[in-house]
Protein chains: 2
Amino acid sequence: MSEPRLLIRDLAQLATPAAGDAPLRGASLGAVEVIEDAYVLCAGEEIEAVGRMRDLGPLDGNVVELDGRGRCAIPGLVDCHTHPAFGGDRVEEFSLRAGGASYEELHAAGGGIRSTVRATRAAGEDGLRTAVERHRSWMLRQGTTTFEGKSGYGLDRDTELASLRAVRDAGGVPTWLGAHAVPPEFEGDADAYLDFALAEVLPEAAEIAEAADVFLERGAFDAAQARRYLEACRAAGLALRLHGDQFTEQGAIPLAIELGARSVDHLEATGEDGVRALAASDVVGVVLPASALFLGRPMPPARTLVDAGAAIALATDFNPGSSFCESLPICCSLAATQLKLSPAEALSACTVNAAHVLGRADSLGRLAPGYRADVVLLDAPDWRYLAYHLGGRIVDEVVLAGASELR
Amino acid sequence: MSEPRLLIRDLAQLATPAAGDAPLRGASLGAVEVIEDAYVLCAGEEIEAVGRMRDLGPLDGNVVELDGRGRCAIPGLVDCHTHPAFGGDRVEEFSLRAGGASYEELHAAGGGIRSTVRATRAAGEDGLRTAVERHRSWMLRQGTTTFEGKSGYGLDRDTELASLRAVRDAGGVPTWLGAHAVPPEFEGDADAYLDFALAEVLPEAAEIAEAADVFLERGAFDAAQARRYLEACRAAGLALRLHGDQFTEQGAIPLAIELGARSVDHLEATGEDGVRALAASDVVGVVLPASALFLGRPMPPARTLVDAGAAIALATDFNPGSSFCESLPICCSLAATQLKLSPAEALSACTVNAAHVLGRADSLGRLAPGYRADVVLLDAPDWRYLAYHLGGRIVDEVVLAGASELR
């Protein structure tokens, strides 16, 4: 007997972004197709068909049915920028900052990325695996069926590799963020740290990770250092990402374009020239509104980027210091209220375009035949509640590769 | 045999705001008491004792135990400003606004409060009861154990009274917002509408509601109309609230002080004189950061108010048009990141101070003997994750009047 197929039936609505061989941009970003009174038919791990209930013919064989009444289906969400491999938390620093503490006070209280590096190194491989699994389960409850996960809180050989393995083994897409910060043992000598990282960590990191990432910013790595790091990583077979223009413009966009990076992420500080350059390129701009909210920073110019023709993606930046938020639905609300993206643009940005950033747009990010059967069922009469219902328990059930994972 | 007592044991932490005969202000707002390795003992609907596990003696009689390991307890949250009695939604308007639509386009699309008035009148009493019950269940999942609920989308006699009954019968605290807007049948003549409302609706509304509320703003009701409405409501035995300083200052704070109102709510537009006046008064300032976020408006000057000595409360403003957000935990995150309140100040503002606004501070808003046994169990190692973990499923379980309602 053949394996049963899964029929999600009588959905109030089904919403799926447009198809595209390249990341969606311009009007196509908001061109979400909506089917009322819809079904999704899954066979094994893939979608076999979607359509209107009235067009659904008789189904032969063993079919398991899932009642979609009063609910809407969207593709499983793709979070293309997270930092899930860390020990400890930063709640003390968060609380001090909320009460108006200065940077000096935060530093005196042991805050900042270095506190997370200490806790991450202390967690050990088992501790990191447990942490990443927990964070993955949090993401799944919010509808994220695919997550990218960066290393970058180890900054030594063993902890960086353990972080990448933990992400990979939790089903995530690992990115080696070897150039996140200069660790204390290389204080004041970023180049010496990069010598170490590229010689001692990259060879094995390149076996586990799919991409490399660098934090190009004052106080972290400059453009020359970022170039050296990324060129070495590219030579080792990794795709390239950049954290750029978060606080200041340090040349991230031109460098990303020159090196053929998949994305440049943050962009809160991007000015007109950067917008124009990104719009004329194939690099995806990843916007992270929860991070801007968390830090009380200006929002990235997402509307301007889209209107200029740039391809953008939307991600959480989940991490303990500047975005303790794993919820893409909240990011969709922030996209609508703070970035002036329509719910349709926000949906495309955290599904199909995010899948492009991860090199998986052939199988993820849409509800269409041949795509992986990752389906989020929303407790809502209209799929746009994804952005409209801020903070509600909008994600009602998640189907992951054809199996109901969560209700 | 006596009814079993409920022992919530081995809590990682218990956090409870300071006691106060009056709303907490100044330093006392942030004076949250934290007990590590704690218990809460409930007898019937009340808390009998709280303390450290090591100080817990043997318990006689029938005791049901709830395992608090890895979790933190805070008081049930009190939402003192919501609009849960409505039909329909405003997702179309939200989506158009997100995409940059002008007010004219929104109006042409049938948006605005009038669309909700139409849908609310059409819902009928059963429809309103269903809606309020649904919204109450959403709030409970986010840790809200007491909610205030306003009428104000009916604006005719039957729908206003049905709204108040629906709130009351769902266990909420009803507020008659008879002066929310001028309904279409009185277009352009707010005074004639108030003549009607005070003559035809107030007498029965005063039998159901505990307070009256008015929207004092350009395009709604002016200060003279608000005074007339509130004085009549006060004479009918209702406590007084005001929506004030949301877009412009129209004298809400002086009027609230003069009439002895319990609160003035919104305050996004409050200037220095208003801050000073409110700080010198007994009126509570209710801040609604989700509403400011939803509308992309400036945040209310909560930090300035607290530093000036004003008593503030924190609420969701849950409603379909300007804050489709029932989550007080999200409001706590917004309070910390946007209003610069510490997690402790945010907690006091949506528990004990909100209970003061509702006239229930003798029994709600604290974890202490004699208070109602409303307890929220957070999935967190530190209670401040309430504000820190933005959008996570932080509320793990809710105990309502001594009974576990939700896990």
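Proteins come first, then strands; the chains are lettered A, B, ... in the order of their sequence lines, and each starts at number 1. Just so we're clear, the structure is a prediction, and the values are computed from it rather than from any experiment.
Counting heavy atoms from C-beta on, the side chains of A:Thr351 and A:Ile74 never come closer than 4.5 Å. Counting heavy atoms from C-beta on, the side chains of B:Ser322 and B:Arg297 never come closer than 4.5 Å. Under the 4.5 Å side-chain criterion, counting only non-hydrogen atoms from C-beta, B:Val395 is not in contact with B:Arg141.
Interface check for chain A: of the options B:Leu339, B:Val306, B:Leu341, the most heavy-atom pairs under 4.5 Å are formed by B:Leu341. Between chain B and the residues A:Gly391, A:Ala290, A:Ser327, the most heavy-atom pairs under 4.5 angstrom are made by A:Gly391. The candidate from B:Gly30, B:Gly296, B:Pro329, B:Ser95 with the greatest count of non-hydrogen atom pairs under 4.5 Å with chain A is B:Ser95. Most heavy-atom pairs under 4.5 Å with chain B, from the set A:Val91, A:Thr337, A:Ile330: that is A:Val91. Most heavy-atom pairs under 4.5 Å with chain A, from the set B:Asp379, B:Leu390, B:Leu295: that is B:Leu390. Highest contact tally toward chain B, considering only A:Phe324, A:Phe294, A:Tyr388, is held by A:Tyr388 [criterion: heavy-atom pairs under 4.5 Å]. The residue among A:Ala380, A:Ser333, A:Pro320 with the most heavy atom pairs within less than 4.5 Å of chain B is A:Pro320.
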message = Run the side chain to side chain contact (heavy atoms under 4.5 Å, CB included) test on A:Leu293 and B:Gln338 for me, step by step, so that the C-alpha distance in whole Å, both residues' side-chain angles and the decisive distance to 0.1 Å come before the verdict.
response = CA-CA 8 Å; A:Leu293 187 88; B:Gln338 310 304 300; 3.4 Å; yes
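Rounding to the nearest 0.5 Å gives a distance of 10.0 Å between CG of A:Leu386 and SG of A:Cys72. The CE atom of B:Met299 lies 10.5 Å from the CG atom of B:Leu288; values are rounded to the nearest 0.5 Å.
With a 4.5 Å cut-off on non-hydrogen atoms, A:Tyr385 touches chain B through its backbone and its side chain both. When heavy atoms are compared at a cutoff of 4.5 Å, A:Asp89 approaches chain B by way of both its backbone and its side chain. Only the side chain of A:Leu334 has a heavy atom closer than 4.5 Å to any heavy atom of chain B. Residue A:Ala344 does not touch chain B at all, counting heavy-atom pairs closer than 4.5 Å.
Salt-bridge formation is detected for the pair A:Arg303/A:Glu345: a Lys NZ or Arg NE/NH1/NH2 atom is positioned less than 4.0 Å from an Asp or Glu carboxylate oxygen.
Under the ring-ring contact (aromatic ring centres under 6.0 Å, His included) rule, B:Phe318 has a single partner from B:His83, B:His81, B:His135, which is B:His135.
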